[in-house]
Q: 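Please find one structure pasted underneath; my questions will follow.
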2 protein chains.
Amino acid sequence: MDTALDRAVRVFSERGYHATSIGDLTAAMRLATGSVYKAFRDKHAVFLAAFERYVALRQEETRSAAAQGANGRERLRNLLLSYVEHSQGSEGRRGCLVVGSAVELSAVDPVVAALVSARLETNEGFIAGLIREGQADGSIPRHVAADDTARLMICITQGLRVVGKARLSLDGKRLVAVAMKLLA
Amino acid sequence: MDTALDRAVRVFSERGYHATSIGDLTAAMRLATGSVYKAFRDKHAVFLAAFERYVALRQEETRSAAAQGANGRERLRNLLLSYVEHSQGSEGRRGCLVVGSAVELSAVDPVVAALVSARLETNEGFIAGLIREGQADGSIPRHVAADDTARLMICITQGLRVVGKARLSLDGKRLVAVAMKLLA
DNA sequence: TTTATTCGGAAACAATCATTCCCTATTATC
DNA sequence: GATAATAGGGAATGATTGTTTCCGAATAAA
């Protein structure tokens, strides 16, 4: 079932909610229509399950990318680098389900809107925490405003996914080098 | 007709392409179905016209916001401030049609994908130009990498629209103050 | 072996969608 | 002033959508 959900994540990420018919869904999940409706109440429930699975997987990836780093500054750099990589290539073209949901559904679906906001705030809190870690270990200056910088970095990460979907090339090393000036 | 297109822009921006039925469209444009199909070939053509109108209006707003500034650095600050303002409140909740198109249609609609890429590259070029102006007038250091910084700033502007749609509050002054560190 | 139950698959359902057709009203032309 | 031509409005149409239901196969229990 989890492997079927993974395939649902791919379809929803690439086409969005409304453009994905349950025909697309069953083809991708290798399940018949009846099976899908036996496992989920309706299309919306499939989407919610796919969304939560996507969030769980991405969170795991992000945390482990940040874990590799001697101090707060290095962990933050690795997090940003990871975001750039995920925004590129085939995964970049597929798109981020959080960004897609924010843009396509936040205005019309309060349930999804709440999930998206919660996810962004969690990420922002994680980044702010890394900044404070860096300030504690001396790798980031004290005068850096942790919360404001974290919110701007969230904008950068979400913007990366938008730009990546538009097929603009992204040079991770150079882009991150510029972004790290925010920690000066 | 332009006023009808403006209303189409609002609907498409808020709900996206697929979630906007031509019933929604006719209601918003105050036109009957037949009239819409007399003025445009199909729904896709309405969207393309709305997209181009949106781009033209926003470009005008952005350029005039940037025009108010004594030097390159100030013009860039005003541009960023303008983006934050447009990403907030009712307009922020409505969303940006370029971001929406990039996320919802870039993967499946080559025509829209090309328009989106062109728009992003135009914006990026404009920002890079402002940076170079600042370097010429002495308000921005020479060692700033104009192209890389411009691409990152595009990510910021697009990310602002995503975050604004998710209803997270944005403090223009503080956010832009942090972002201006990219020009140090 | 037989019965019961769960699971997957395909056809059928109602609703909604984009699109077309036709009618009316208004303008312009002779 | 009569007529042609055009623009706008709304009902009909065919395709597609999400959803449900029914049926067969496979597995487990007796």
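Below, read A as the first sequence line, B as the second, and so on, with proteins coming before strands; counting in each chain starts at 1. All values below come from the heavy atoms of this structure, side chains included, with hydrogens, waters and symmetry mates left out.
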Q: So if I take every side-chain heavy atom of A/Ser35 and compare against D/dG18, C/dG9, D/dG9, which nucleotide ends up nearest?
A: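 Selected nucleotide: C/dG9.
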Q: If I take atom NZ in residue A/Lys43 and atom P in nucleotide D/dT19, what distance separates them, rounded to the nearest angstrom?
A: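 After rounding, the gap between these two atoms is 8 Å.
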Q: With respect to the side chain of B/Lys38, which nucleotide from D/dG18, D/dG8, C/dG8 is positioned closest?
A: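 The closest nucleotide is D/dG8.
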Q: Taking atom CZ of A/Arg132 as the centre, report whether more than 12 heavy atoms of other residues, nucleotides or ligands fall under 6.0 Å from it.
A: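 It does: A/Arg132 CZ has more than 12 such atoms within range.
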Q: Determine, stepwise, if the pair A/Lys165 / B/Val116 fulfils side-chain contact (heavy atoms from CB on, under 4.5 Å).
A: CA-CA 10 Å; A/Lys165 191 128 191 185; B/Val116 168; over 6 Å; no
Q: Between C/dC7 atom C1' and A/Leu31 atom CG, what is the distance in whole Å?
A: 10 Å
Q: Under 3.5 Å, is there a donor-acceptor pair linking the side chains of A/Asp24 and A/Ser21?
A: yes
Q: Report the distance from atom CZ of B/Arg41 to atom P of C/dT20, rounded to the nearest whole Å.
A: 10 Å
Q: Under 6.0 Å from the ring centre and within 45 degrees of the ring axis: does the NZ or CZ of B/Arg161 meet both conditions for the six-membered ring of B/Tyr83?
A: no
Q: How long is the line joining OH of B/Tyr17 and C1' of C/dC17, in whole Å?
A: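 Roughly 12 Å, once rounded to whole Å.
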Q: Under 4.0 Å, heavy atoms only, any strand: does B/Thr20 hit a base, just the sugar-phosphate, or nothing?
A: sugar-phosphate
Q: Within this structure, what is the CD1-to-P distance between B/Ile22 and D/dG9, rounded to whole angstrom?
A: 13 Å
Q: So which nucleotide from D/dT20, C/dC17, D/dG10 ends up closest to the side chain of B/Ala32?
A: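 Looking only at side-chain atoms, B/Ala32 lies closest to D/dG10.
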Q: Both A/His18 and B/Ala39 contact DNA chain D. Taking the nearest nucleotide for each, which residue is further toward the 5' end?
A: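 Closer to the 5' end of DNA chain D: B/Ala39.
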Q: Return no unless some side-chain N or O of B/Tyr37 is found under 4.0 Å from OP1 or OP2 of C/dT19.
A: yes
Q: In this structure, how many angstroms lie between the P atom of D/dG18 and the NE2 atom of A/His44, rounded?
A: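 For the pair A/His44 NE2 and D/dG18 P, the rounded distance is 13 Å.
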Q: Which part of the nucleic acid, if any, lies within reach of A/Thr33 when heavy atoms closer than 4.0 Å are counted: base, sugar-phosphate only, or nothing?
A: base
Q: Which whole-number value in Å describes the distance from B/Asp42 CG to C/dC17 C1'?
A: 14 Å
Q: Could you tell me how the ring of B/Phe47 sits relative to the ring of B/Phe12: parallel (under 30°), tilted (30 to 60°) or perpendicular (over 60°)?
A: perpendicular
Q: Measure from CE on B/Met29 to P on C/dA18 and round the result to the nearest Å.
A: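 Distance, rounded to whole Å: 14 Å.
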Q: So what does B/Ser21 hit on the nucleic acid, given a heavy-atom distance under 4.0 Å: a base, only sugar-phosphate, or nothing?
A: sugar-phosphate
